Asks: 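One structure, pasted below without further comment.
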Amino acid sequence: MSVIESKKKLGFGMMRLPKLAEETGELDNVDLEQVKEMVDTFIQRGFTYFDTAWMYHNRNSEQIVKLALTDRYSHDQYTLATKYHLAYQKDGTPEEVFLGQLERCGVEYFDYYLLHDMGHDNYEKFQECGAFDMVMKMKAEGKIRHVGFSCHDKADFLDKVLTEHPELEFVQIQLNYLDWESAGIQAHAAYDTITKHGKPVIVMEPVKGGMLANRIPEEVEKAFKAYDPDLSVPSWAVRFAASHDNVAVVLSGMSDMAQLLDNTGYMQDFKPLDEKELELIQHAVKKINEGIEIQCTGCSYCTPGCPMNIPIPEYFSLYNADKNEARTDWTTQREFYNRTITHESKASDCVGCGQCEGICPQHLPIIENLKKVAEHFE
């Protein structure tokens, strides 16, 4: 039996739930009755995977899961994932936090439990605080069915973790068609690394924070609609992620019933993208990238001679993606940048020697562009 037992490839992310028009001061103002209707429809259409975390909706998401899901359905009708984040250390030991999560979610066990947001900068902290030991203890006691981790970091880090901790059974990563060949996010390389280790992939950010739902070029949207007018724009991104053989579940944070009906509609009898659809995806990537600010092709001619060893193409890739992002507070690009500079030079470390500009086949003003990157991220 597969580690991920979801009957279908769509998961309900309890992170961006619908909110009431008027402030109530309760449950982060989430519209609980609408969430219940969404949960009912999700299950009625044959979907089972729900994903939450304590920090979502100002620490209300797990309680909402209890009220909307676990109080109303027996555990054999759904599977539930939640997570341990290092920020929870102030709330007690990992085991104390975990037991509190069981109580808040109203379950005796979690189907999937993740060590959340692991990266180069905090890997040792997860080990030092006993999080790895805790999850394996809880699994042995039957309080966790499967243990994994989520990660916003590069393929080499994923390889390190999976080599050192083969007991981890699945990995959750950011994967979408725009980040698939991104030098900064490396979704393709990350997917291949996880697959090499024989672990299934859970996908987060398939529509890149909404960017691939409502911020694509008009020409791309027209091409999608010309091919199939009944398919929504975000469906192309979700279906791209789900089309990879080793992707077990694609998470979607659904904010209203309309989004849930759309997602469950095209994912109910999911079929992977065909050759023509993949060509349209490549066209979309090309057109989106044409509108980016720094026209770096990622050839990396500039990096071998850099005296500061700055990963220039990676930083330009993250900068371009972040400038296109709909959100302005927290973005995954910022997370990748902050994580990378824990073991690589920062953009602001540039000494302006000019060797990179002398070899760049695109003749980019790399020194000035690195200043933009530093100002934006640092």
Side-chain angles (χ1 to χ4, degrees), residues 3-6 11-17 26-28 30 32 35-36 39 43 48-119 122-152 161 164-172 199-200 202 204 249 251 253:
V3 168
I4 307 298
E5 300 167 10
S6 178
F12 193 156
M14 311 294 279
M15 183 181 183
R16 301 185 180 99
L17 299 171
E26 298 180 355
L27 298 177
D28 197 34
V30 166
L32 182 60
V35 174
K36 288 179 180 178
V39 166
I43 290 176
T48 58
Y49 193 102
F50 293 84
D51 173 88
T52 186
W54 189 356
M55 76 278 286
Y56 298 165
H57 281 289
N58 291 320
R59 293 195 168 203
N60 287 282
S61 182
E62 290 181 338
Q63 175 68 8
I64 293 166
V65 165
K66 182 178 187 297
L67 296 171
L69 175 66
T70 66
D71 279 353
R72 302 171 62 241
Y73 289 90
S74 61
H75 205 143
D76 61 350
Q77 294 177 282
Y78 64 84
T79 54
L80 181 61
T82 195
K83 312 172 183 79
Y84 178 81
H85 194 282
L86 285 173
Y88 299 164
Q89 288 186 81
K90 61 181 179 295
D91 300 298
T93 66
E95 183 168 340
E96 289 170 340
V97 169
F98 174 84
L99 294 175
Q101 290 177 294
L102 282 178
E103 182 178 356
R104 274 191 304 281
C105 288
V107 293
E108 294 183 354
Y109 66 89
F110 292 114
D111 301 276
Y112 310 103
Y113 195 82
L114 295 85
L115 298 178
H116 190 38
D117 192 25
M118 195 183 300
N122 60 24
Y123 178 46
E124 298 299 327
K125 294 176 184 177
F126 273 104
Q127 300 187 91
E128 290 167 1
C129 77
F132 284 95
D133 294 334
M134 181 274 288
V135 293
M136 297 316 295
K137 177 186 176 185
M138 293 300 108
K139 183 180 179 185
E141 293 179 6
K143 296 182 175 71
I144 297 174
R145 293 291 189 262
H146 301 289
V147 176
F149 69 106
S150 68
C151 183
H152 292 288
V161 176
E164 296 179 358
H165 288 279
E167 73 276 14
L168 297 175
E169 300 170 272
F170 65 96
V171 188
Q172 185 167 306
K199 315 293 184 179
I202 306 293
M204 55 183 165
V249 174
L251 297 175

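Keep in mind it's a predicted model, so treat the numbers as computed, not measured.
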Asks: Rounded to the nearest 0.5 Å, what's the gap from CD1 on Ile144 to NZ on Lys137? Could you check?
Replies: 11.5 Å
Asks: If I take atom NE2 from residue His146 and atom CG from residue Asp111, how far apart are they, to the nearest 0.5 angstrom?
Replies: 7.5 Å
Asks: Would you indicate whether the side-chain heavy atoms of Phe126 and Leu86 approach each other to under 4.5 Å?
Replies: yes
Asks: Would you confirm whether Glu169, through its side chain, and Val147, through its main-chain N or O, come within 3.5 Å as a donor-acceptor pair?
Replies: yes
Asks: Is any side-chain heavy atom of Thr79 closer than 4.5 Å to one of Ile4?
Replies: no
Asks: Please report the closest heavy-atom contact between Lys143 and Leu102, naming both atoms and the distance.
Replies: CD-CD1, 3.9 Å
Asks: Could you walk me through whether Met55 and His116 pass the side-chain contact (heavy atoms from CB on, under 4.5 Å) test, one step at a time?
Replies: CA-CA 11 Å; Met55 76 278 286; His116 190 38; 3.6 Å; yes
Asks: Do the non-hydrogen side-chain atoms of Asn60 and Val30 ever get within less than 4.5 Å of each other?
Replies: no
Asks: Heavy atoms only: give me the nearest Thr52-Cys105 pair and the separation to one decimal.
Replies: CG2-SG, 4.5 Å
Asks: How many angstroms lie between CZ in Phe50 and OH in Tyr78, if you round to the nearest 0.5 Å?
Replies: 9.5 Å
Asks: Considering all heavy atoms of both residues, which atom of Cys129 and which atom of Pro94 are nearest to each other, and what is their separation?
Replies: O-CG, 3.4 Å
Asks: If we check side-chain hydrogen bond (donor to acceptor under 3.5 Å, both in side chains) with Tyr56, which of these qualifies: Arg16, Glu62, Lys83?
Replies: Lys83
Asks: Kindly say whether the aromatic ring centers of His165 and Phe132 come within a distance under 6.0 Å.
Replies: yes
Asks: Does some side-chain heavy atom of Leu114 sit less than 4.5 Å from a side-chain heavy atom of Ile202?
Replies: no
Asks: Over all heavy atoms of both residues, which pair between Gly11 and Val249 is shortest? Give the atoms and the distance, please.
Replies: N-CG1, 3.5 Å
Asks: For residues Met14 and His57, report the shortest heavy-atom separation together with the two atoms involved.
Replies: O-CD2, 3.9 Å
Asks: Indicate yes or no for a side-chain donor-acceptor contact from Tyr73 to the backbone of Val39 under 3.5 Å, with no hydrogens or angles considered.
Replies: no
Asks: May I ask you to test the Val65-Phe12 pair for a side-chain heavy-atom distance under 4.5 Å?
Replies: no
Asks: Tell me, with the steps shown, if His75 and Val107 meet side-chain contact (heavy atoms from CB on, under 4.5 Å).
Replies: CA-CA 8 Å; His75 205 143; Val107 293; 4.1 Å; yes
Asks: Counting only heavy atoms not in Glu164, do more than 12 fall under 6.0 Å of its CD?
Replies: yes
Asks: What's the spacing between Asp117 CG and Gln172 CD if we round to 0.5 Å?
Replies: 10.5 Å
Asks: Assess the pair Tyr112 and Tyr49: is the distance between their ring centroids shorter than 6.0 Å?
Replies: yes
Asks: Do other residues, nucleotides or ligands put more than 12 heavy atoms under 6.0 Å from the CD atom of Gln89?
Replies: yes
Asks: Step through the shown structure and confirm whether more than 12 heavy atoms of other residues, nucleotides or ligands are within 6.0 Å of CD on Glu141.
Replies: yes
Asks: Search all heavy atoms of Val135 against all heavy atoms of Tyr113 and return the closest pair with its distance.
Replies: CG1-CD2, 3.7 Å
Asks: In Å and rounded to the nearest 0.5 Å, what is the OG1 to CG distance from Thr82 to Asp51?
Replies: 7.5 Å
Asks: Check each of Tyr84, Tyr109, Phe110 against Phe98 using the ring-ring contact (aromatic ring centres under 6.0 Å, His included) test, and report the only one that passes.
Replies: Phe110
Asks: Can you measure from CD (Glu108) to OG1 (Thr70) and round to the nearest 0.5 angstrom?
Replies: 11.0 Å
Asks: Output, in order, the C-alpha distance, side-chain angles, deciding distance and verdict of side-chain contact (heavy atoms from CB on, under 4.5 Å) for Met138 and Glu95.
Replies: CA-CA 8 Å; Met138 293 300 108; Glu95 183 168 340; 3.8 Å; yes
